[in-house]
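Notes to accompany the following structure.
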Amino acid sequence: MTLPPQAIPRRAVWSWILYDLANTIFSMGVVSLYFSLWVREQVGADRADTVYGIITAVSMGIIFVISPLLGAMTDRAPRRMPFLVVSTIVCVGLTASLARSGYWVTMLAFVLANAAYQAGLQFYDALLPEVTTEENRGRISGIGVGIGYLGSFVAVGLGFLPQSEEKPFVFTAIAVSFLLFSIPCFLWVKERGNPNPRPVLSLAMIRESTAETLRTLRGGKEYPGLIRFLVGRVFYTDAINTVINIMMLYTVNVVVASGQSEEGGERTALLVMFVAISFAVVGGFVWGQLVDRRGPKRTLDYVLWLWVATFAMAAAVGLLGLPWQTLFVVASMAGVSLGGIWSADRPLMLRLTPPDRIGEFYGLYGMVGRFSAIIGPMIWAFVAWLCIGQLGMTPIRGQGIGVLVLLGFIFVARAILGPVRDDLRPGARGAP
């Protein structure tokens, strides 16, 4: 089933892009920055990596289990937008409640808020065909990434406000910003609608959806390159998402080890994040153009090699005692790489996906990302426990070892993705 072509208003395209900015405020502000610092304040520097890794893994485990079901539900529903609206509002409400109650209540609120954010990201990605064509998909996706990372400036900037030392204030400001920048997408992205709506949730639907997903996973030849891409995605998103989550902690530890105070370390870490975000904005625009010219698969290959260099230099800072200022170079490389990975990743998945199963397949796409987000923090937590807790290494040396482990995942991903081609359409035979 192929949906009919539609005229795509410019307002709809920019409203979709603006949601990328909105959800980045949450991911950068809560997941990558301030919640990890709140955990560090609660449990101390030696336990922060382990505790944060575990609760992040729990949160991603929830969405991992339900991602395919959510995708299948949106394929059956008349429209996907109501799912995006509900998940966003749930995330916003829970984010505003962070650090306002006790330790365990706040932990639970984070777990559920992150799960709601991840669900919304899945619904949002599945709306990409509604605002693009095959000819401009890479460019629009890249613009979304570039503009989206401007949301990181908003998140980081909140840390410089006079009230920023009060974490409840920061989390509430993030929640309000997320909601405000989401509203245009809710109002102005118009869907063509589902020409064959079916019951959204029933036992029969769950059985049918599960059977279809299992058939897809077992019979990947029907969709050339899909299974290999999804498996490879587990490994590279594992490494990338984990390093995003721990970048703030790593930077603070490196700077504090150089003799600065805890407060000075946090401020310096925010400046490092500003550099990374700036280069991510530029990277999104540049890589998006390359996707349309060279194809998403080839572009993804280039980006992964850049990640290899980035991880190697990041590990060297902690293991070889390089000056903490080297982190600005690492941040620049990481920013460019981040802009590229999502600019190429989404269009490649869509090119491998049959039009009538976009929601389900983006559920699989999300599921492997969530699986990696479970395994990555758990591996990081284990390495931190082993190196810092058991072997007595300093936090920065233990984290340097952890970065090397993540580097190995990038090499595994490159090997798996090697035979994948993006010139075949769903339904073609002869998978590589």
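As the structure is a computational prediction, the values presented were derived from the model and not from experiment. If you read the sequence from its start, that first residue is 1, and numbering goes on from there.
Across all their heavy atoms, Ala96 and Ala175 have their closest contact at N-CB, 3.8 Å. Contact record, Ala314 with Val330: CB-CG1, 3.8 Å, taken as the closest heavy-atom pair. Looking at every heavy atom in both residues, Thr95 comes nearest to Ala113 through OG1-CB, 4.1 Å. For the residue pair Ser182 and Ala22, the shortest heavy atom distance occurs at OG-CB, 3.5 Å. Gly232 and Ala413 get closest at one heavy-atom pair: O-CB, 3.5 Å. Between Val383 and Gly398, the closest heavy-atom pair is CG1-O, 4.0 Å.
A distance-only check finds no donor-acceptor pair linking the side chain of Glu191 to the backbone of Glu130 [under 3.5 Å]. Between the side chain of Trp287 and the backbone N or O of Val336 there is at least one donor-acceptor pair closer than 3.5 Å. In this structure, Thr242 contributes its side chain and Ala239 its backbone to no donor-acceptor pair below 3.5 Å. The closest donor-acceptor contact from the side chain of Lys297 to the backbone of Arg294 lies at 3.5 Å or more, if one exists at all. The backbone N or O of Gly339 sits less than 3.5 Å from a side-chain atom of Ser343, completing a donor-acceptor pair. With Tyr52 contributing its side chain and Leu37 its backbone, the two residues share no donor-acceptor pair below 3.5 Å. Within the 3.5 Å criterion, the main-chain N or O of Leu94 finds a donor-acceptor partner in the side chain of Ser97. The closest donor-acceptor contact from the side chain of Ser59 to the backbone of Ile55 lies at 3.5 Å or more, if one exists at all.
Across Ile277, Ile25, Thr24, a single residue satisfies side chain to side chain contact (heavy atoms under 4.5 Å, CB included) together with Val154, and that is Ile25. When each of Tyr117, Phe26, Phe110 is checked for a ring pair (Phe, Tyr, Trp, His ring centres under 6.0 Å) with Phe35, only Phe110 meets the rule.
Looking only at side-chain heavy atoms (C-beta outward), Ser152 and Met273 stay at 4.5 Å or farther from each other. Counting heavy atoms from C-beta outward, Leu230 and Leu226 have side chains that approach closer than 4.5 Å. The shortest side-chain heavy-atom distance between Thr56 and Val111 does not fall under the 4.5 Å cut-off. Residues Thr299 and Arg293 form no side-chain contact, since every pair of their non-hydrogen atoms from C-beta on lies 4.5 Å or further apart. Residues Leu304 and Leu417 are in side-chain contact: their nearest non-hydrogen atoms beyond the backbone lie under 4.5 Å apart. Residues Thr88 and Val92 have side chains in contact (heavy-atom distance under 4.5 Å, counting atoms from C-beta outward). Counting heavy atoms from C-beta outward, Thr132 and Trp16 have side chains that stay 4.5 Å or more apart. Between Arg228 and Pro419, the closest side-chain pair of non-hydrogen atoms falls below 4.5 Å.
A salt bridge links Lys167 to Glu41: at least one charged side-chain nitrogen sits closer than 4.0 Å to a carboxylate oxygen. A salt bridge does not link Asp238 to Arg233: none of the charged side-chain nitrogens sits closer than 4.0 Å to a carboxylate oxygen.
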Run Phe311 and Trp307 through ring pair (Phe, Tyr, Trp, His ring centres under 6.0 Å) and show every step you take. CA-CA 6 Å; Phe311 276 93; Trp307 271 114; 5.4 Å; yes

Assess the residue pair Val43 and Tyr103 against the criterion (side chain to side chain contact (heavy atoms under 4.5 Å, CB included)); give the C-alpha distance rounded to whole Å, side-chain angles, the decisive distance to 0.1 Å, and a yes or no. CA-CA 10 Å; Val43 303; Tyr103 176 81; 3.7 Å; yes

Evaluate the side chain to side chain contact (heavy atoms under 4.5 Å, CB included) criterion for residues Leu300 and Tyr236: first the C-alpha distance (whole Å), next the side-chain angles of each, then the deciding distance (0.1 Å), finally the verdict. CA-CA 11 Å; Leu300 184 60; Tyr236 70 73; 3.9 Å; yes

Show the numbers, then the answer: is there a side chain to side chain contact (heavy atoms under 4.5 Å, CB included) between Ile410 and Leu406? CA-CA 7 Å; Ile410 298 292; Leu406 298 179; over 6 Å; no

Go through the steps for Leu84 and Val189 under the test side chain to side chain contact (heavy atoms under 4.5 Å, CB included), then give the verdict. CA-CA 12 Å; Leu84 181 61; Val189 173; over 6 Å; no

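Note: Tyr124 and Tyr19 have tilted aromatic rings, judged against thresholds of 30 and 60 degrees for the angle between ring planes. Taking the six-membered ring where the residue is Trp, Phe409 and Phe235 present perpendicular rings, their angle passing 60° and hence far from 30°.
Atom-to-atom distance recorded for Arg47:CZ and Ile54:CD1 is 9.0 Å, nearest 0.5 angstrom. Separating the CD1 atom in Ile183 from the OG atom in Ser15 is a distance of 11.5 Å, to the nearest 0.5 Å. Expressed to the nearest 0.5 Å, how far CD of Gln122 lies from CG of Leu127 amounts to 11.0 Å. Rounded to the nearest 0.5 angstrom, Gln399 CD and Leu404 CG are separated by 12.5 Å. Considering CE of Met28 and CZ of Phe153, their distance stands at 9.5 Å, rounded to 0.5 Å. Annotation: the span from Ile396 atom CD1 to Thr251 atom OG1 amounts to 11.5 Å, rounded to 0.5 Å.
Side-chain contact, Asn253 with Arg397: no donor N or O sits under 3.5 Å from an acceptor N or O.
Residue Met313 qualifies as open at atom CE: its count of foreign heavy atoms under 6.0 Å is 12 or below.
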